[in-house]
Amino acid sequence: MPELPEVETVRRGLASRLEGKTFLGAVSRVAGLRLPVPAGLHDLLAGQRLHAVERRAKYLLLRCDGGTLILHLGMSGYLRVVDRDLPPGRHDHLDLLFDDGQVLRFNDARRFGLLLWTTADPQEHPLLVGLGPEPFAGAFTGDYLHERARGRTVPVKAFIMDQRLVVGVGNIYANEALFLSGIHPARATGRISRDRYLRLADIIRTVLAEAIAAGGTTLRDFSDSDGKPGYFALSLRVYGREGEPCPRCGHTLRQERIGGRSSFFCSRCQH
DNA sequence: CCGGACGCCTGTCGGC
DNA sequence: TGCCGACAGGCGTCCG
């Protein structure tokens, strides 16, 4: 579910509401998410002061004095800040308790999410160490894309969703960025000009930034830490709009499976 | 190394 | 109405 704009929206909410607080501990109601929840999480967290909420790719990093909580929301995960008296509901798997009575509650129906604790540098964690550049970092350029694309035959949509190339682009924003770039999602990665990659890199940044400004995209269950939805869904040009007219030329938008994922595009505007 | 398929897990929706 | 398959915002692993 959440791509970079959604995770960044959550990060901002958590940072403003939770930074500076001290953990009382944790309650787990699940054996494992994508990986087992750390044994003894309560004792690991108790007394830790949360001094910063950061983001790397689609991971949230909750920096504490003695270590870092690494969270990933998977497809269906969300976080809420609630009062500890609110009874947990279905799929409310984890509560991280703060000393002021507030609780950071993790709900994840599909359990593709993740919570880990590390006392080492989280950037060096095996799950994070191979990640590509952040799309807003200087290293992410059209020339970088063009260089990495050389000789590759994979559909460009799968290419830009590969987190080893660049992080944060998931299925929604890949579709949107390719539409705005006029590039067909199935086009072979190595057969796209440098000029088009320059434009694509800019457009990826622009789409992600606009989505962050809108609070992310809510299709069904995404919400920020206050439970409020994002409204970028209103601005989606092609995602989920098969059968509707192309916003640029009026041709009927198509849906096809490309790179194993549902893809939406205009066969007249995108080549 | 590369590209593609699969599995993880639950909820929802469309077709019959 | 009920059932069943397909599909859903991610990602790691395995196979050819």
Side-chain angles (χ1 to χ4, degrees), chain A residues 1-11 29-37 55-60 70-79 89-93 106-116 125-132 147-178 185-191 204 207-208 211-212 214-224 229-243 255-264:
Chain A
M1 116 181 165
E3 305 181 35
L4 187 148
E6 291 74 41
V7 179
E8 177 61 20
T9 297
V10 172
R11 186 201 69 76
R29 306 176 195 90
V30 69
L33 300 169
R34 202 174 91 210
L35 295 172
V37 172
R55 180 189 57 75
R56 169 70 175 123
K58 300 173 192 171
Y59 293 88
L60 289 165
I70 303 174
L71 281 92
H72 195 289
L73 301 175
M75 288 278 267
S76 56
Y78 61 85
L79 293 162
R90 189 161 170 75
H91 306 307
D92 279 339
H93 300 311
F106 187 10
N107 182 295
D108 184 6
R110 295 175 74 179
R111 280 180 272 136
F112 289 173
L114 185 72
L115 180 143
L116 300 171
H125 190 279
L127 288 173
L128 278 72
V129 76
L131 294 171
E147 166 67 23
R148 292 285 301 265
R150 204 185 323 158
R152 304 281 305 274
T153 60
V154 72
V156 64
K157 178 157 170 277
F159 180 64
I160 62 172
M161 289 176 66
D162 185 341
Q163 304 296 296
R164 294 168 299 183
L165 177 83
V166 61
V167 302
V169 180
N171 201 32
I172 292 177
Y173 300 108
N175 279 299
E176 295 297 303
L178 290 170
R187 185 164 191 84
T189 292
R191 305 210 48 202
I204 286 173
V207 167
L208 295 177
I212 292 168
T217 298
T218 296
L219 296 181
R220 35 186 81 78
D221 48 12
F222 171 74
S223 64
D224 67 13
Y231 52 90
F232 193 72
L234 300 170
S235 302
L236 295 176
R237 276 84 164 185
V238 293
Y239 185 89
R241 297 194 183 280
E242 72 278 14
Q255 175 180 17
E256 270 178 38
R257 210 150 184 90
I258 295 167
R261 306 298 296 276
S262 197
S263 304
F264 304 86

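For C:dG10, the OP1/OP2 oxygens have no side-chain nitrogen or oxygen of A:H72 closer than 4.0 Å. Between A:R110 and the phosphate of C:dA8, there is no side-chain N or O to OP1/OP2 separation shorter than 4.0 Å. Phosphate proximity of C:dG9 to A:R261: present, with a side-chain N or O under 4.0 Å from OP1 or OP2. For the pair A:H91 and B:dC9, the criterion of a side-chain N or O lying under 4.0 Å from OP1 or OP2 is not met. Between A:Y173 and the phosphate of C:dG9, there is no side-chain N or O to OP1/OP2 separation shorter than 4.0 Å. Regarding contacts with the backbone of B:dT10, a side-chain N or O of A:R111 is found under 4.0 angstrom from either OP1 or OP2. Residue A:S262 places at least one side-chain N or O under 4.0 Å from the OP1 or OP2 atom of C:dA8.
Taking the side chain of A:F112 as heavy atoms from C-beta on, and the options C:dG12, C:dC7, B:dC9, the nearest nucleotide is B:dC9. The side chain of A:Y59 approaches C:dG12 more closely than any other nucleotide in the set C:dG9, C:dG12, C:dA8.
As a whole-Å value, the separation of A:M161 CE from C:dA8 P is 11 Å. Going from atom CD1 of A:I70 over to atom C1' of C:dG12 covers 16 Å, rounded to whole Å. If you take CD1 of A:I160 and C1' of C:dG10, they are 15 Å apart, rounded to a whole angstrom. Regarding A:L35, its CG atom lies at a distance of 9 Å from the P atom of C:dG12, rounded to whole Å.
A:R241 contributes atom CZ, which lies 10.5 Å from atom CZ of A:F264 (distance to the nearest 0.5 angstrom). Note: A:I172 CD1 to A:E3 CD = 5.0 Å, rounded to the nearest 0.5 Å.
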Please list, pair by pair, any protein nitrogen or oxygen found under 3.5 Å from a nitrogen or oxygen in nucleotides 2-4 of chain B.
| residue | atom | partner | partner atom | Å |
| --- | --- | --- | --- | --- |
| B:dG3 | OP1 | A:R152 | NE | 3.4 |
| B:dG3 | OP1 | A:T153 | N | 2.6 |
| B:dG3 | OP1 | A:T153 | OG1 | 3.3 |
| B:dG3 | OP1 | A:V154 | N | 3.1 |
| B:dG3 | OP2 | A:R152 | NE | 2.6 |
| B:dG3 | OP2 | A:R152 | NH2 | 2.6 |

Determine which bases of DNA chain C form Watson-Crick or G-U wobble pairs with both distances under 3.5 Å, and write the result as a 5' to 3' dot-bracket string with | for other-strand partners.
.|||||||.|||||||

